[in-house]
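Report on one structure; see the data block that follows.
Because the structure is predicted, anything quoted here is derived from the model rather than measured.
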Amino acid sequence: MKVVLVAYAVLMLAYMTFKATGVGQPLRGIVKMILSTTFLGVGTYYVAINGWLLRDAVALMGLLLAWIGDLMLIFKHKLSYFHVGCTSFAFA
């Protein structure tokens, strides 16, 4: 688990560096989705180890909606995708 957290931190620093230096959208989008998927995976792993409760299902649904929001906001040049992404984040 520590390796996953270290990898997450390194990818987050890479993403912030890409954003600050203006690196193109395709690479930033790939790194962003890897980060989002890792976040969802860690949440799912935690729930799988500790057992399922209603609050866990609600938390995982929020993480999944946030993942969908991240995915849709990568394609922000299409207005309909942007709206779906914003709505997904609102429900998350």
Side-chain angles (χ1 to χ4, degrees):
M1 183 56 101
K2 289 181 183 179
V3 173
V4 172
L5 294 177
V6 170
Y8 186 85
V10 169
L11 283 170
M12 181 57 85
L13 287 173
Y15 178 76
M16 290 187 303
T17 303
F18 292 160
K19 191 152 179 94
T21 59
V23 171
Q25 180 62 27
L27 183 58
R28 268 196 346 239
I30 291 168
V31 172
K32 184 176 183 178
M33 287 313 301
I34 291 171
L35 288 168
S36 187
T37 302
T38 304
F39 197 55
L40 179 61
V42 168
T44 304
Y45 175 77
Y46 174 79
V47 170
I49 286 179
N50 295 316
W52 287 85
L53 298 172
L54 178 60
R55 68 166 189 225
D56 298 329
V58 171
L60 285 179
M61 182 59 74
L63 289 173
L64 181 62
L65 286 170
W67 185 89
I68 292 169
D70 280 337
L71 180 64
M72 293 295 117
L73 290 180
I74 288 174
F75 305 107
K76 60 185 169 189
H77 59 277
K78 292 192 176 187
L79 190 59
S80 60
Y81 288 175
F82 179 77
H83 288 297
V84 170
C86 288
T87 303
S88 181
F89 274 121
F91 282 114

From the list L73, I68, L64, side chain to side chain contact (heavy atoms under 4.5 Å, CB included) with S88 holds only for I68
Following the transitive rule for hydrophobic clusters with a side-chain heavy-atom cut-off under 4.5 Å over Ile, Leu, Val, Met, Phe, Trp and Tyr, establish whether [X] and [Y] coincide in one cluster.
| X | Y | result |
| --- | --- | --- |
| V84 | L63 | yes |
| L13 | Y8 | yes |
| I30 | F39 | yes |
| M72 | F82 | no |
| F91 | L60 | no |

What verdict does the side chain to side chain contact (heavy atoms under 4.5 Å, CB included) test give for T37 and I34, after you've listed the backbone C-alpha separation in whole Å, the side-chain angles of each residue and the deciding distance to 0.1 Å?
CA-CA 5 Å; T37 302; I34 291 171; 5.8 Å; no
Enter the distance from [X]:[atom1] to [Y]:[atom2] here, rounded to the nearest 0.5 Å.
| X | Y | atom1 | atom2 | value |
| --- | --- | --- | --- | --- |
| K32 | M12 | NZ | CE | 9.5 Å |
| F18 | L11 | CZ | CG | 9.0 Å |
| M33 | L40 | CE | CG | 9.0 Å |
| D70 | L35 | CG | CG | 9.0 Å |

Under 6.0 Å from the [atom1] atom of [X], do we count more than 12 heavy atoms belonging to anything else shown?
| X | atom1 | value |
| --- | --- | --- |
| F89 | CZ | yes |
| Y81 | OH | no |
| M61 | CE | no |

Closest approach of A92 and G62, non-hydrogen atoms and distance?
CB-O, 3.4 Å
Among residues at least two apart in sequence or on other chains, which ones pass side chain to side chain donor-acceptor pair (under 3.5 Å) with T44?
none
